[in-house]
2 protein chains.
Amino acid sequence: MEGDAQISHPAMLIGDPARAAMLMAMLGGRSLPASDLAAIAGVKPSTASEHLARLTSAGLVTATRSGRHRYFTLSGPDTANAIEALSAIAPRHTVQSLAQSKSAAQLGFARSCYDHLAGAAALAIADRLIHDEAIAPLENGANGTVAATGHPIFTALEMDVEPVVASRRPLVRGCLDWTQRRPHLAGALGARLFTSILEHGWAERARTGRGIRFTALGRSELRRLGVVLDDESSPAAR
Amino acid sequence: MEGDAQISHPAMLIGDPARAAMLMAMLGGRSLPASDLAAIAGVKPSTASEHLARLTSAGLVTATRSGRHRYFTLSGPDTANAIEALSAIAPRHTVQSLAQSKSAAQLGFARSCYDHLAGAAALAIADRLIHDEAIAPLENGANGTVAATGHPIFTALEMDVEPVVASRRPLVRGCLDWTQRRPHLAGALGARLFTSILEHGWAERARTGRGIRFTALGRSELRRLGVVLDDESSPAAR
DNA sequence: CGCATACTTCGGCCGGGGCCGAACTGTTCC
DNA sequence: GGAACAGTTCGGCCCCGGCCGAAGTATGCG
């Protein structure tokens with residue numbers, strides 16, 4: 001009777017709180033072993049194993065085994081995109097504890113979003129590129145192109161933008177930011193930029209979670225390039 | 001323990017087959033009464049009423065009452081976006097019956113997608129605009145701008161593009177097309193274009209479902225403007 | 001080889017939620 | 001007013017699926 005795609009299936013999988021917590025953790029971009037995901041979701045390993053089996057068989061998640069561990073990741077950008085789209089319509093959790101509000105503030109400043117950077121810092125970098133007309137202004141869901149492949153930020157990070165342009169993946173993709181209510185830089189370029197920033201030691205991942213901390217080197221380099229990270233100065237002026 | 005948005009809540013709501021069918025129907029862009037949605041979902045009115053109550057209280061759907069009917073619509077572009085993103089990762093249903101394959105072919109050619117046009121016809125129009133450099137090439141999720149507000153297609157449809165540009169809504173938004181695997185024209189411009197096409201009688205909605213049929217007037221006008229709708233000529237060359 | 005660790009499979013418990021029919025409210029039309 | 005129709009609320013049924021603990025498989029280490 002219906003000629004449409006069966007959206008209820010993936011939605012049902014994401015709709016369980018334990019699985020949703022695992023998927024949100026994987027949105028951080030890192031590969032995580034089953035035991036960590038079990039702890040994150042707050043369930044026993046046996047339960048987590050069942051959840052992960054369903055997620056992999058549905059193609060939302062891929063597993064690679066290394067030794068006696070199995071590491072899980074989101075299967076691709078489409079999956080990450082669906083999760084992001086859902087978080088845009090999800091109810092905002094009301095912050096209760098001080099620890100929560102502090103970590104929320106940190107996430108609002110800089111965090112990883114699957115394979116790219118999100119938060120206020122990501123917007124600051126993107127705004128610089130837009131201001132210099134290296135890329136067009138971002139809109140949620142649309143596709144842009146790279147006008148200036150030799151922008152100082154790209155050269156400072158030794159990024160070879162050409163092969164990125166040649167890839168079939170959407171290049172400059174806006175990704176609606178749930179903390180800032182503005183799209184940030186995703187897509188192939190956003191992913192390349194993020195890995196370069198990590199490789200050059202401008203920033204590093206938090207040991208746990210999705211948080212990203214910019215190093216002194218990264219801050220000074222970015223300041224030199226005209227990007228100001230006002231980490232402390234603007235205390236959560238939501 | 002979690003500082004993230006509770007994506008499981010909306011996902012759980014979409015994850016029920018009956019509710020998903022209703023939401024997909026509403027993706028057609030029309031306001032539908034509860035009884036129609038019950039028939040579409042294949043449940044009794046009482047069950048449908050419960051589902052719709054949950055969807056409205058979660059803010060996914062808005063209801064407006066007119067007489068003894070209550071008409072339901074998706075609450076906004078964010079909601080539509082989440083549903084589209086899910087359909088991109090949903091398993092493709094394997095077509096069995098001839099009637100299904102015919103209706104699927106028609107949907108692939110032209111259908112409504114919440115408030116804009118989708119399918120091969122939508123891509124043909126967007127490609128024309130891109131070719132004439134009125135808009136930048138679409139990428140899924142990114143945002144573009146309108147370069148030529150006086151493009152012949154806009155003037156033929158008597159579209160006033162200026163106020164659309166001024167609106168805060170993402171302007172030129174790529175929206176991943178599940179039949180074509182390419183983004184089509186969504187956003188404020190896509191919505192405006194679609195309503196203009198309907199108002200000028202270039203196309204009309206099917207009595208039921210999401211199908212769109214282009215009229216003889218619409219076809220000739222578009223051909224004159226350099227857009228060829230090869231409806232019959234290319235028989236589902238997937 | 002044997003012990004520890006990482007993960008999976010199985011059996012069983014239990015609660016949530018989807019479904020319906022029946023009864024109730026409200027609107028339209030004659 | 002009364003009949004017809006749209007929609008909602010309520011009570012009850014039942015099954016799906018999430019949870020666990022215990023047992024089973026595989027890998028790594030001493």
Side-chain angles (χ1 to χ4, degrees), chain A residues 1-2 6-26 30-73 75 91 208, chain B residues 1-2 6-26 30-73 75 91 208:
Chain A
M1 192 164 252
E2 271 295 354
Q6 303 168 9
I7 63 166
S8 65
H9 185 232
M12 182 259 286
L13 289 173
I14 306 173
D16 176 77
R19 285 193 293 262
M22 295 178 180
L23 291 168
M24 287 300 279
M26 289 186 244
R30 238 178 325 203
S31 289
L32 294 166
S35 49
D36 285 19
L37 290 168
I40 288 168
V43 294
K44 297 291 165 192
S46 58
T47 311
S49 178
E50 290 169 357
H51 284 313
L52 290 167
R54 296 186 66 180
L55 289 174
T56 48
S57 79
L60 294 185
V61 153
T62 44
T64 57
R65 59 178 316 138
S66 148
R68 53 181 165 180
H69 293 268
R70 274 184 83 197
Y71 290 92
F72 294 88
T73 331
S75 59
T208 172
Chain B
M1 191 163 250
E2 272 297 355
Q6 303 168 8
I7 63 165
S8 66
H9 185 233
M12 183 257 287
L13 290 172
I14 306 174
D16 175 75
R19 285 192 293 261
M22 294 177 181
L23 291 168
M24 287 300 280
M26 289 186 242
R30 240 179 322 203
S31 289
L32 293 166
S35 50
D36 285 19
L37 290 168
I40 287 167
V43 294
K44 296 293 165 189
S46 59
T47 313
S49 179
E50 289 169 359
H51 284 313
L52 290 167
R54 296 186 66 179
L55 290 174
T56 49
S57 80
L60 295 185
V61 154
T62 45
T64 57
R65 59 178 317 138
S66 147
R68 54 180 165 182
H69 292 268
R70 271 184 86 196
Y71 291 93
F72 294 87
T73 330
S75 60
T208 172

Backbone N/O of [Y] and side chain of [X]: donor-acceptor pair under 3.5 Å:
X     : Y     : answer
A:T56 : A:L52 : yes
A:R70 : A:A63 : no
A:R19 : A:L13 : yes

Inset, instruction - Identify which nucleotide among D:dG7, D:dT27, C:dT8 has an atom closest to any side-chain atom of A:R70, counting heavy atoms from C-beta outward. - result: C:dT8

Inset, instruction - Measure from the side chain of B:H51, starting at C-beta and using heavy atoms only, and say which of C:dC19, D:dC19, C:dT8 lies closest. - result: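 So the side chain of B:H51 is nearest to C:dC19.
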
Inset, instruction - Apply side chain to side chain contact (heavy atoms under 4.5 Å, CB included) to A:M26 and A:L37, showing your working. - result: CA-CA 9 Å; A:M26 289 186 244; A:L37 290 168; 4.0 Å; yes

Taking [atom1] from [X] and [atom2] from [N], how many angstroms apart are they, rounded to a whole number?
X     : N      : atom1 : atom2 : value
A:K44 : D:dG18 : NZ    : P     : 18 Å
B:L52 : C:dG18 : CG    : C1'   : 14 Å
A:D16 : D:dC16 : CG    : C1'   : 13 Å
A:L55 : C:dT8  : CG    : P     : 12 Å
B:F72 : D:dA6  : CZ    : C1'   : 11 Å
A:M12 : D:dG18 : CE    : C1'   : 12 Å

Within the structure, does a side-chain N or O atom of [X] lie under 4.0 Å from either OP1 or OP2 of [N]?
X     : N      : value
B:T47 : C:dC20 : yes
A:R65 : D:dT27 : no
B:R54 : C:dG18 : yes
A:S49 : C:dT8  : yes

Inset, instruction - Mind running side chain to side chain contact (heavy atoms under 4.5 Å, CB included) on B:Q6 and B:M12 for me, showing each step along the way? - result: CA-CA 11 Å; B:Q6 303 168 8; B:M12 183 257 287; over 6 Å; no

Legend entry - A:G67 vs B:Y71, nearer the 5' end of DNA chain D by closest nucleotide: B:Y71

Using a distance-only criterion (donor-acceptor N/O pair, under 3.5 Å, no hydrogens), is the base of [N] paired with the side chain of [X]?
X     : N     : answer
A:E50 : C:dC7 : no
B:R68 : D:dC5 : yes
B:S35 : D:dG7 : no

